[in-house]
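These notes are about the structure you will find just below.
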Amino acid sequence: MIVSVPLNKNASVSVDELRPAFVHELVLKSLDEFLTRERSQPESNIWSVLVVAPSDFDEVLEDLTSGIEIMVECEVGLVSGDGGARKLCDRIDACLADYLVLCNFESWRSQDWRQLDSFRSYLNREKRRGVLVLSSDSAKAMLANAPNFCSWLNPRFYSLDVGAEFLTAEECEKRLSALREWFGQSDAEIIALAEAKKLPTDPPYGEWLVLLDRGDLIAR
């Protein structure tokens, strides 16, 4: 089950409001589960944060870029944050990929995060998606120094458990049961709506189709 970090997307939030959410409310996600959710998202500028142990960076970046290319079916660009916020923005401008994986933020100082807070329009572009791969320390620095950027990201902060397996059959059924109960609809009704192109594009419906192995019905 996914627990959202309750950020207000319409206003700035204080560091005191943000830090408790980061420390206590992040939910461990396997990479496969993250990829499943990304596949169910509509094609729009939706960004996420993955908090990863530094020792796992190389493995996660390799698996993430290849996984996104396969499951989301789009070109992926790996963009380094080395050198600070201005250089990151220049690299983002030069990258033509539809999905960006941003990494290498470990050398950033507070001023770099504050600059990113004012440069967030570089990421807020139609149909450009991506993820920031951060260590726990970098995520805390971002929360402390870029509150408006974090508010724009809203609840999509995940802590990644690299060793986790893909959802088991039992876990899939539990999630499907929760979706059926919440929306008051059956699997057959969801499939029928998707086939008729009448299914809403909200992410939970996309996740529902993926769990039913009918990701081919997700509207693109």
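Numbers here simply count residues along the sequence, with the first being 1. All values derive from a computational prediction rather than experimental measurement. The figures that follow rest on heavy atoms only: side chains count, while hydrogens, waters and symmetry mates do not.
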**OP:** Begin with the C-alpha distance, continue with both residues' side-chain angles, and end with the deciding distance and a verdict on side-chain hydrogen bond (donor to acceptor under 3.5 Å, both in side chains) for Tyr99 and Glu38.
**Re:** CA-CA 11 Å; Tyr99 193 108; Glu38 286 298 280; 2.7 Å; yes
Subject >> Verdict with supporting geometry, Phe157 and Leu50, side-chain contact (heavy atoms from CB on, under 4.5 Å) >> reply: CA-CA 6 Å; Phe157 285 76; Leu50 281 181; over 6 Å; no
**OP:** For side-chain contact (heavy atoms from CB on, under 4.5 Å), just list the numbers for Glu207 and Val210, CA-CA rounded to whole Å, side-chain angles, deciding distance to a tenth of an Å, and then say yes or no.
**Re:** CA-CA 5 Å; Glu207 181 186 2; Val210 170; 5.6 Å; no
**OP:** Under the side-chain contact (heavy atoms from CB on, under 4.5 Å) rule, what do Asn145 and Gln111 come out as? Steps first, then yes or no, please.
**Re:** CA-CA 8 Å; Asn145 295 284; Gln111 66 187 45; over 6 Å; no
**OP:** I would like to know whether Val133 and Leu102 meet side-chain contact (heavy atoms from CB on, under 4.5 Å); could you show each step before the answer?
**Re:** CA-CA 6 Å; Val133 179; Leu102 309 186; over 6 Å; no
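Residue Trp208 is grouped with residue Trp182 when hydrophobic side chains (ILVMFWY) are merged at heavy-atom distances under 4.5 angstrom, including chains of intermediate members.
Within 6.0 Å of CG in Asp213 there are 12 or fewer heavy atoms belonging to other residues, nucleotides or ligands.
In this structure, Val49 and Val131 have side chains that are not in contact, with every pair of non-hydrogen atoms separated by 4.5 Å or more. Contact of the Val101 side chain with the Val79 side chain is not registered, since no non-hydrogen atoms from C-beta on lie closer than 4.5 Å. For the pair Gln115/Arg109, no side-chain contact is recorded, criterion being any heavy-atom separation below 4.5 Å from C-beta on. Taking 4.5 Å as the limit, every side-chain heavy atom of Trp108 sits out of range of all side-chain heavy atoms of Met142. Using a 4.5 Å cut-off on side-chain heavy atoms (C-beta onward), Leu78 and Leu100 make no contact.
The shortest non-hydrogen separation linking Cys172 to Leu211 is SG-CD2, 3.9 Å. Here the closest heavy-atom approach between residue Gly77 and residue Cys95 is recorded as CA-SG, 4.0 Å. For the residue pair Gly81 and Leu88, the shortest heavy atom distance occurs at CA-CD1, 4.1 Å. The two atoms that bring Ser48 and Leu153 nearest to each other are N-CD2, 4.3 Å, heavy atoms only. Between Gln185 and Leu193 the shortest heavy-atom distance is NE2-CD1, 3.5 Å. Closest non-hydrogen pair, Thr65 versus Leu61, comes out as OG1-O, 2.9 Å.
The backbone N or O of Asp112 sits nowhere less than 3.5 Å from a side-chain atom of Arg86 that would complete a donor-acceptor pair. The backbone N or O of Arg156 sits nowhere less than 3.5 Å from a side-chain atom of Trp47 that would complete a donor-acceptor pair. With hydrogens and angles ignored, the 3.5 Å screen pairs a side-chain donor or acceptor of Ser66 with a backbone N or O of Glu62. Here the side chain of Asp117 pairs a donor or acceptor atom with the backbone of Phe149 at under 3.5 angstrom. For the pair Ser138 (side chain) and Leu134 (backbone), a donor-acceptor distance under 3.5 Å is absent.
From Leu179, atom CG reaches atom OG of Ser186 across 12.5 Å, with rounding to the nearest 0.5 Å. Put simply, CG on Asp82 and NZ on Lys87 are 9.0 Å apart, with the number rounded to the nearest 0.5 Å. Between Glu59 atom CD and Leu160 atom CG the span is 9.0 Å, to the nearest 0.5 Å. In this structure, CG on Leu217 lies 5.5 Å from CG on Leu209, to the nearest 0.5 angstrom. The SG atom of Cys74 sits 5.5 Å away from the CG atom of Asp98 when rounded to the nearest 0.5 Å.
Note on Glu189 versus Arg180: no salt bridge recorded, every NZ/NE/NH1/NH2 to OD/OE distance being 4.0 Å or above. Using a 4.0 Å cut-off between a side-chain N of Lys or Arg and a carboxylate O of Asp or Glu, Asp93 and Arg91 do not qualify as a salt bridge.
Every ring pair (Phe, Tyr, Trp, His ring centres under 6.0 Å) that Tyr205 has, sequence neighbours left out, goes to Phe183.
Evaluated for a side-chain contact (heavy atoms from CB on, under 4.5 Å) with Leu31, the options Val52, Asp56, Leu64 yield exactly one hit, Leu64.
A distance below 6.0 Å separates the ring centres of Trp113 and Phe105.
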